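Quick caveat, the model's predicted, so the values are computed rather than measured. We name chains A, B, ... by the order of the sequence lines, and we start the count at 1 in each one.
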Protein chains: 2
Amino acid sequence: MKRSVSAAERRREILQAAGRVFARKGFERSTTAEIAREAGVAEGTIFRHFETKQALLIDLVASVLTEPLTAVWKRSENRPVEEILRDVLRNRLALFRENAPLLKIFFAEALFREDLRDRFIDEVVLRAATAAEAFFREEQARGSLRPVNPQIAVRCLMGMLGIFVVWSEFLGGDKYLRFDDEAVLDTIISIYLDGVRGRG
Amino acid sequence: MKRSVSAAERRREILQAAGRVFARKGFERSTTAEIAREAGVAEGTIFRHFETKQALLIDLVASVLTEPLTAVWKRSENRPVEEILRDVLRNRLALFRENAPLLKIFFAEALFREDLRDRFIDEVVLRAATAAEAFFREEQARGSLRPVNPQIAVRCLMGMLGIFVVWSEFLGGDKYLRFDDEAVLDTIISIYLDGVRGRG
DNA sequence: ATAAAATATGAGTGAGCACTCACTCAGGAG
DNA sequence: CTCCTGAGTGAGTGCTCACTCATATTTTAT
């Protein structure tokens, strides 16, 4: 029996251990026995800090959603759209990579669980999309972007970035083919900007 | 006890029932009891036709992968690239939608199972990517596309299409916001083509 | 018609797993 | 020091679920 750390600390340790195990095996295949082993505590200890195994998942999901978006979609006089786009994409990519294990669990469970699916759509997809849409519309009003449907156009951009995250972080595709982040960002930006500005 | 159908027919019935249940709940949360109920047979009958529950999954996965790709990346004198692109995207979108429940299961399991992950990458991602890459390179050689990295560029296109499939088929996003397929294809094509051709 | 083979059934089985609880003990208060 | 609180422990519990098998029914062969 060790009491070297505070209850809050222990709680965090268990949560992190659960995150690692879930990331490896997925929620259903993870056992509380393995989480306990990973955290270096007895199985019973988990249930002193969390009501159920589910509670671990819910807590983990909540922790992803508190991440702040530092780079924002914001027009400013002396910054070209290209730079704004690059900042935002770089920021989002970094955020995705840092939280990849948790996002993966979140996404995987959202595929089959109503409650998590709603939260995923609200707090990940829509959160990312609406700000971008507003920016897109403003630029269209300014005449600098073509009059394509902004909701569709914004999702195209999300898809471009998303597929690389899914490839390297969710599917471990780096083993087969590794992409350089900056090269990816360069390509996305050049294709997308030319695409939404139109020819000439 | 009914014997109205042949063994092969019964097998297919069970497989389809399993597909429906897996699509609703995910593989782990689906029980053989529920699959049996869905198929209208006794639980034991499942195990006369399939060794294990896993075997159902493997068989389902295999059945997605036999789908032929009817529209192909193929240059022809009198067809503009835009039309080829539209045909291929339309074909892939239709294919994804038809097989969406199975693809969802396949993808969800691939996130955490080594063996399925490898198959998913090989037989879904790479199968789609390599033909497109070859086409892209040819067009670049012809001078009709900019010299961006073809592997990245092709994945951008896949991401654009993919996000709409994930949105509507995997996450049930239509409940929140429904996109018209043709509008989506139009937008993707116009953004992408202008993007990879470059300005002017 | 009868035997043999194939197929269907569902109660039963055992393994695995989330969760409990009676007990242990570390650390703090007085 | 003594007592008390609450975190830690892990064997135990009850339930779920994939899979089995003895038995029943249908089909096929002779």
Ignoring hydrogens, what is the shortest heavy-atom contact between R75(A) and E138(A)? Give both atom names and the distance.
CB-OE1, 4.3 Å
Taking the six-membered ring for Trp, are F107(B) and F107(A) parallel (under 30°), tilted (30 to 60°) or perpendicular (over 60°)?
perpendicular
K25(A) NZ to dG16(C) C1', in whole Å, measures 13 Å
What I want to check is whether the side chains of Q151(A) and R137(A) have a donor and an acceptor closer together than 3.5 Å.
no
Among dG10(C), dT9(D), dA8(C), which nucleotide has an atom closest to any side-chain atom of H49(B)?
dA8(C)
Any residue in residues 106-116 of chain B with a heavy atom nearer than 4.0 angstrom to DNA chain D? Just list them by number, or reply none.
none
Separation of dA7(D) atom C1' from E9(A) atom CD, nearest Å, is 15 Å
Heavy-atom distance under 4.5 Å between the side chains of V61(A) and F120(A), does that happen here?
no
Expressed in angstrom and rounded to an integer, what is the separation of I14(B) atom CD1 from dT7(C) atom C1'?
11 Å
Under 6.0 Å from the six-membered ring centre of F27(A) and within 45° of its axis: does the NZ or CZ of K53(A) meet both?
yes
Quickly work out the R10(B) CZ to dT27(D) C1' distance and round it to whole Å.
14 Å
Write out a two-atom table: protein N or O, nucleotide N or O from nucleotides 15-18 of chain D, distance below 3.5 Å.
{"residue": "dA18(D)", "atom": "OP1", "partner": "S30(B)", "partner atom": "O", "Å": "3.0"}
{"residue": "dA18(D)", "atom": "OP1", "partner": "K53(B)", "partner atom": "NZ", "Å": "3.0"}
{"residue": "dA18(D)", "atom": "OP2", "partner": "T32(B)", "partner atom": "N", "Å": "2.7"}
{"residue": "dA18(D)", "atom": "OP2", "partner": "T32(B)", "partner atom": "OG1", "Å": "2.9"}

Selection from dT9(D), dA8(C), dG10(C) that lies nearest to any side-chain heavy atom of R48(A):
dT9(D)
Do L116(A) and L57(A) touch side chain to side chain, with heavy atoms closer than 4.5 Å?
yes
With a 4.5 Å heavy-atom cut-off, do Y192(B) and M160(B) have their side chains touching?
yes
Quick one: L56(A) CG to dA18(C) C1', roughly how many Å, whole number?
11 Å
Flag this pair as yes if the NZ/CZ of K104(B) is under 6.0 angstrom from the six-membered ring centre of F22(B) and inside a 45 degree cone about the axis; otherwise no.
no
Without decimals, in angstroms, what is the distance between I35(A) CD1 and dC19(C) P?
10 Å
I46(A) CD1 to dA11(D) P, straight-line distance once rounded to whole Å:
15 Å
Check the side chains of T70(B) and N91(B) for a donor-acceptor pair under 3.5 angstrom, ignoring hydrogens and angles.
yes
